[in-house]
Amino acid sequence: MRLVLVGQPNCGKSTLFNAVAGYRSATANFPGTSVTFTSSRVLVDGEEIEVVDLPGLYSLSSQDDAEREAERYLLHEDAAALINVVDASRLGRSLELTLQLLELRRPLVVALNMQDEAQRKGIEIDRAALERELGAPVVPTIARRGVGIADLFGAAMEAARRGAVPATPRYDNEVEEAAAAVEAQLAARNDETRGEAPRAGDDRREANDETRGAPRPPARFTALRLLERDARAQARLHRAAAPERTAAVEAAVRDLERRHGWPGEQVVSGARHALAHRIEERTTTQRKPRGGGREKLDLALMHPVFGIPILVALMGLFFWAVFGLGRF
């Protein structure tokens, strides 16, 4: 069984991975690239599983090399379940990636990480309400303290065994109508694939993935990528579909852009952004932040007047310790 950790940068994903993998982890390159990922064999409830830690990614629509390779892995490699690590203190921003992962139609569990940071900021998240909104299990964790990790992997393994696939998120009416129109063209394309030779680069690797029987992206996921004018999705469509299908997809994209007055990428990402923040509003309560020594120290060290003298004093103390005590 393979479980894949996915999350945005600085969400505590690698801390979570290190908590279960430790020194047993191994680093490898994605095929044909210098981009690395980390994997490890771990024992959970008496069963040995493989855990893969992908590079942090903000979105599946990015053009960054590391994020593109992480996306390719998610689309074409076999994974029993995905563990989406989110920063509980920045829930709305984190959920935008979660919605894209739900579009992949894979078993998924959400690790609501950095709970202590959220509580320090006065953020309270209704876990049960968030589970209802996402249709996926949500497990609170504090990775750096080891809190909730056993429950998280237990939930992920249970989701993998059951093959529990969460519902696909629904966006505004214009996006849904355009996606349905593109999906209809993709369904017709499957019956008239021309089987042209794959192109170089990513297209060749993705074609090879499909040849060896790897999972194919869901039609809705591909439709949304085409609405976003993703270059790789468009290349695959041009390679595999009849010209009239390609023209029909382009017409649906242009109609969506005309109705909104924005490029397709902004329309779809805007709809995803709006839904993520609506979910955040429905599932979180903002209370008074907890004051403490850390906040008071920040106020002193970052004071616009006193901060500079404090910095000079600390640097002087540092150099005295290095050269004075070091000489002794």
Side-chain angles (χ1 to χ4, degrees), residues 1-44 47-87 94 96-111 113-114 136 139 141 143-144 149 152-153 155-157 159-160 201-218 221 225 230 232-233:
M1 179 183 293
R2 178 186 294 164
L3 304 179
V4 179
L5 297 176
V6 193
Q8 296 180 341
N10 304 314
C11 67
K13 174 175 58 64
S14 294
T15 303
L16 177 61
F17 175 82
N18 290 333
V20 297
Y23 66 90
R24 297 179 300 274
S25 62
T27 301
N29 286 5
F30 289 107
T33 75
S34 60
V35 180
T36 62
F37 68 95
T38 312
S39 65
S40 177
R41 307 291 298 186
V42 301
L43 201 64
V44 179
E47 180 178 348
E48 187 180 75
I49 64 172
E50 180 184 7
V51 180
V52 176
D53 180 21
L54 293 182
L57 65 160
Y58 288 106
S59 167
L60 295 183
S61 306
S62 173
Q63 298 302 311
D64 177 80
D65 287 344
E67 296 187 358
R68 289 177 64 180
E69 288 303 321
E71 177 205 357
R72 193 193 67 80
Y73 189 98
L74 290 170
L75 288 176
H76 299 295
E77 296 296 332
D78 188 26
L82 306 180
I83 298 178
N84 176 212
V85 185
V86 306
D87 181 352
S94 300
E96 294 187 43
L97 175 60
T98 306
L99 296 176
Q100 286 189 300
L101 294 176
L102 290 173
E103 293 163 7
L104 292 175
R105 304 291 293 158
R106 297 280 192 92
L108 180 139
V109 174
V110 175
N113 197 35
M114 302 176 72
V139 181
T141 62
R144 65 189 182 91
I149 293 179
L152 172 66
F153 279 87
M157 293 176 68
D202 288 342
D203 289 338
R204 180 189 294 132
R205 289 212 308 277
E206 288 170 0
N208 290 339
D209 288 331
E210 293 179 5
T211 300
R212 71 174 189 236
R216 297 183 63 180
F221 177 85
R225 297 306 299 273
D230 177 76
R232 285 160 291 168

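Throughout, numbering of the chain's residues begins at 1 and tracks the sequence. Below, all heavy atoms of this structure are taken into account, side chains as well, without hydrogens, waters or symmetry copies.
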Checklist entry - Any sub-3.5 Å donor-acceptor pair from Asn84's side-chain atoms to Val110's backbone N or O? => result no
Are the side chains of [X] and [Y] in touch, meaning some heavy atoms are under 4.5 Å apart?
X	Y	result
Thr98	Val86	yes
Val51	Val44	no
Pro217	His76	yes
Ile83	Phe153	yes

From [X] atom [atom1] to [Y] atom [atom2], the distance as rounded to the nearest 0.5 Å:
X	Y	atom1	atom2	result
Leu3	Phe17	CG	CZ	11.5 Å
Leu57	Leu101	CG	CG	7.5 Å
Arg106	Leu82	CZ	CG	6.0 Å
Leu97	Leu102	CG	CG	9.5 Å
Thr15	Arg144	OG1	CZ	9.5 Å

Applying side-chain contact (heavy atoms from CB on, under 4.5 Å), can you list everything that pairs with [X], at least two apart in sequence or on another chain?
X	value
Glu47	Met1, Ile49, Met157, Arg161
Ala233	Arg225, Leu226, Asp230, Arg236
Ser14	Asp53

Item to check | Inter- and intrachain pairs under salt bridge (charged side-chain N to carboxylate O under 4.0 Å, His left out), touching residues 1-12, at least two apart | outcome: Arg2-Glu50
Item to check | Non-neighbouring partners of Phe221 that pass ring-ring contact (aromatic ring centres under 6.0 Å, His included), sequence neighbours left out | outcome: none
Checklist entry - In chain order, what residues pass the salt bridge (charged side-chain N to carboxylate O under 4.0 Å, His left out) check against Glu96, with sequence neighbours excluded? => result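 In terms of salt bridge (charged side-chain N to carboxylate O under 4.0 Å, His left out), with neighbours along the sequence ignored, Glu96 is linked to no residue.
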Next on the checklist: The criterion is salt bridge (charged side-chain N to carboxylate O under 4.0 Å, His left out); which residues satisfy it with Asp87, sequence neighbours excluded?
Outcome noted: Arg90
Checklist entry - Yes or no on side chain to side chain contact (heavy atoms under 4.5 Å, CB included) for Thr141 and Leu16, after CA distance, side-chain angles and deciding distance? => result CA-CA 9 Å; Thr141 62; Leu16 177 61; 5.5 Å; no
Of all heavy-atom pairs between [X] and [Y], which one has the smallest distance, and what is that distance?
X	Y	answer
Lys13	Gly7	CD-N, 3.5 Å
Ala81	Ala156	CB-O, 3.8 Å
Cys11	Asn113	O-ND2, 2.9 Å

Item to check | For Ser94, side-chain hydrogen bond (donor to acceptor under 3.5 Å, both in side chains) partners two or more places apart | outcome: none
Next on the checklist: Testing Leu54, Leu60, Val6, Leu104 one by one against Glu71 for a side-chain contact (heavy atoms from CB on, under 4.5 Å), which residue passes?
Outcome noted: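 Checked Leu54, Leu60, Val6, Leu104 against Glu71; only one passes side-chain contact (heavy atoms from CB on, under 4.5 Å): Leu60.
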Next on the checklist: Show, in sequence, the C-alpha distance, side-chain angles and deciding distance for Arg72 and Glu69, and conclude whether the salt bridge (charged side-chain N to carboxylate O under 4.0 Å, His left out) test is met.
Outcome noted: CA-CA 5 Å; Arg72 193 193 67 80; Glu69 288 303 321; 3.5 Å; yes
